[in-house]
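Owing to the predicted nature of the structure, the values given are computational and were not obtained by experimental measurement. Below, all heavy atoms of this structure are taken into account, side chains as well, without hydrogens, waters or symmetry copies.
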Amino acid sequence: MLVLGIETSCDETGVALYESDAGLLAYTLYSQIDIHAGFGGVVPELASRDHVRKALPLIAEALAAAGVERSQIGGVAYTSGPGLVGALLVGAAVGRSLAWALEVPAVPVHHMEGHLLAPMLEEDSPEFPFIALLVSGGHTQLVEVSGVGQYRLLGESLDDAAGEAFDKTAKMLGLPYPGGPELAKLAEQGDSSRFRFPRPMTDRPGLDFSFSGLKTFALNTLYKELPESHTLDEPQVRQVKADIARAFEDAVVDTLVIKCRRVVRETGCKRLVLAGGVSANKRLREKIQETLKKEGGRAYYPRPEFCTDNGAMIAYAGWQRLKAGQSESLRFNAQPRWQLSDLSEL
């Protein structure tokens with residue numbers, strides 16, 4: 001079966017083609033960074049309108065890259081949630097309409113299930129069961145994955161997601177949108193010994209996270225080091241910000257690593273998947289890999305381009321559900337709030 005995957009949950013339009021025997025044939029992605037940069041964040045209405053403009057051209061591009069005809073598509077998968085409702089409706093409408101026109105089944109895909117299964121697209125993929133750390137702009141969760149659709153939430157952020165905290169702290173530091181990658185880049189120039197930020201909720205039992213207070217700690221440090229009356233020149237100001245960025249990144253990474261080590265020890269599962277946009281962070285990958293090695297386990301990651309939102313993970317997750325006989329009626333739906341626990345097992 002050849003499955004077309006469509007991802008439009010936020011500010012990236014992703015399209016991919018996955019075939020049962022050959023695997024991933026093609027994928028295309030359009031990012032809206034330039035559209036939202038001037039606003040310092042995603043503007044939902046602008047995101048939706050741009051998905052309308054880009055979805056069909058990207059589908060045509062993916063088909064051409066794979067060397068297949070539209071008539072060869074055997075099923076369509078699209079992100080139904082969670083995400084921005086307007087953006088989700090674009091992908092759902094396009095995907096369901098195309099499936100209807102081609103007389104093939106369509107299936108809605110949970111965005112986070114796509115991230116959970118993204119490492120399966122790699123040649124060296126993990127076996128079930130495994131523990132997944134989903135860490136992105138909207139989610140920070142530890143999930144026990146026993147199979148497709150078999151998910152048990154073990155811990156999550158009680159306030160800001162890690163990626164959200166990265167973006168907000170970057171904005172405090174005056175960094176351009178999108179802030180997370182910019183903060184990580186600035187942190188490379190920082191002195192790791194200058195500031196020590198707290199590692200939230202690591203001094204108590206449990207697998208939940210909290211990053212809101214860490215963001216406030218960074219803001220207070222910035223005000224202390226750079227009051228309105230500061231007389232530092234620009235290079236000195238940039239160094240202060242770089243040192244704060246490094247302290248913040250170290251605190252987030254250490255917190256995630258401590259919780260991952262704890263979940264491996266508590267569950268006895270030695271396979272850990274790192275997925276979501278923040279999983280592309282270089283320092284996080286290095287520390288997770290080092291920690292899992294010490295615990296006698298192993299960490300798995302999708303390639304960097306599949307850490308952020310993409311159509312490939314949606315095509316793969318959709319293929320899994322389509323081959324199990326799942327499909328959706330013509331009454332398609334967008335689900336901006338959708339729990340992983342609501343998914344049916346395969």
Side-chain angles (χ1 to χ4, degrees), residues 1-9 12-29 55-56 58-81 91-92 94-130 132 145-151 271 273 275 300-330 332 340 343-346:
M1 178 188 291
L2 177 63
V3 177
L4 171 70
I6 303 172
E7 155 61 24
T8 62
S9 64
E12 290 171 316
T13 313
V15 172
L17 289 159
Y18 185 90
E19 207 275 326
S20 300
D21 297 323
L24 187 62
L25 300 183
Y27 59 93
T28 59
L29 182 73
L56 291 178
L58 285 175
I59 291 173
E61 184 181 330
L63 288 168
V68 299
E69 300 295 327
R70 188 168 58 183
S71 59
Q72 293 176 255
I73 295 174
V76 179
Y78 56 85
T79 304
S80 180
V94 170
R96 192 63 194 85
S97 300
L98 182 59
W100 176 79
L102 295 174
E103 298 183 329
V104 299
V107 66
V109 173
H110 192 293
H111 181 74
M112 302 315 292
E113 179 171 61
H115 278 303
L116 279 175
L117 300 179
M120 299 300 188
L121 291 163
E122 307 302 329
E123 186 174 327
D124 185 19
S125 59
E127 296 180 356
F128 296 117
F130 58 78
V145 182
S146 300
V148 179
Q150 300 175 42
Y151 311 125
R271 288 183 291 272
V273 160
Y300 296 84
Y301 323 98
R303 68 195 76 170
E305 59 264 40
F306 292 165
C307 290
T308 53
D309 297 348
N310 64 88
M313 66 183 190
I314 303 304
Y316 179 80
W319 169 72
Q320 288 280 2
R321 293 193 170 272
L322 285 166
K323 74 173 183 175
Q326 294 188 10
S327 64
E328 186 177 48
S329 69
L330 288 174
F332 66 86
L340 270 171
L343 292 178
S344 59
E345 296 183 8
L346 297 190

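No donor-acceptor pair closer than 3.5 Å links the side chain of Tyr316 to the backbone N or O of Ile314. The backbone N or O of Glu69 lies less than 3.5 Å from a partner atom in the side chain of Gln72, making a donor-acceptor pair. Checking side-chain atoms of Glu122 against main-chain N and O of Asp124 turns up no donor-acceptor pair under 3.5 Å. A donor-acceptor contact shorter than 3.5 Å links the side chain of Asn310 to the backbone of Thr308. Remark: side-chain polar atoms of Arg96 are paired, donor with acceptor, to backbone N or O of Ser329 under 3.5 angstrom.
How far CE of Met120 is from CZ of Phe306: 15.0 Å, rounded to the nearest 0.5 Å. Distance check: His115 NE2 to Leu117 CG gives 11.0 Å after rounding to the nearest 0.5 Å. Within the model, atoms OG1 of Thr13 and CD1 of Ile59 stand 10.0 Å from one another, a figure rounded to the nearest 0.5 Å. In this structure, CD on Glu113 lies 12.0 Å from OG on Ser80, to the nearest 0.5 angstrom. Here the CG-CZ distance, from Leu4 to Arg70, works out to 10.5 Å after rounding to the nearest 0.5 Å. To the nearest 0.5 Å, the span separating NE2 on His111 from CD on Glu7 amounts to 5.0 Å.
Looking only at side-chain heavy atoms (C-beta outward), Leu56 and Leu98 stay at 4.5 Å or farther from each other. Side-chain contact between Leu2 and Leu25: present, with at least one pair of heavy atoms (C-beta onward) separated by less than 4.5 Å. Proximity of Cys307 to Pro302: side-chain heavy atoms (C-beta onward) are separated by under 4.5 Å at one or more points. Contact check for Ser344 versus Arg321: side-chain heavy atoms found under the 4.5 Å cut-off. The side-chain heavy atoms of Leu116 and Val273, taken from C-beta on, include no pair separated by under 4.5 Å. A heavy-atom distance below 4.5 Å is not found between the side chains of Val15 and Glu61.
Between Tyr78 and Phe332, a ring centre-to-centre spacing not shorter than 6.0 Å is recorded.
Across all their heavy atoms, Val109 and Ala317 have their closest contact at CG1-CB, 3.8 Å. Closest of all the heavy-atom pairs between Met1 and Ser20 is N-OG, 2.9 Å. Closest approach of Gly74 and Pro105 over heavy atoms only: O-CD, 3.4 Å. Counting all heavy atoms, side chain and backbone alike, Ala55 lies closest to Val94 at CB-CG2, 4.3 Å. Of all heavy-atom pairs between Ala315 and Val3, the closest is O-CG1, 3.7 Å. In this structure, Thr79 and Ser9 approach most closely via the heavy-atom pair CG2-CB, 4.0 Å.
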query = What do the steps show when you test Tyr27 against Glu305 for side-chain hydrogen bond (donor to acceptor under 3.5 Å, both in side chains), and what is the final call?
reply = CA-CA 10 Å; Tyr27 59 93; Glu305 59 264 40; 3.2 Å; yes
message = Is there a side-chain contact (heavy atoms from CB on, under 4.5 Å) between Ile6 and Leu58? Walk through the geometry before answering.
response = CA-CA 10 Å; Ile6 303 172; Leu58 285 175; over 6 Å; no
inquiry  = The test is side-chain contact (heavy atoms from CB on, under 4.5 Å); show your working for Leu346 and Gln326 and say whether it passes.
reply    = CA-CA 9 Å; Leu346 297 190; Gln326 294 188 10; 3.2 Å; yes
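Note on ring orientation: taking the six-membered ring where Trp is involved, the planes of Tyr18 and Trp319 are tilted (angle from 30° to 60°).
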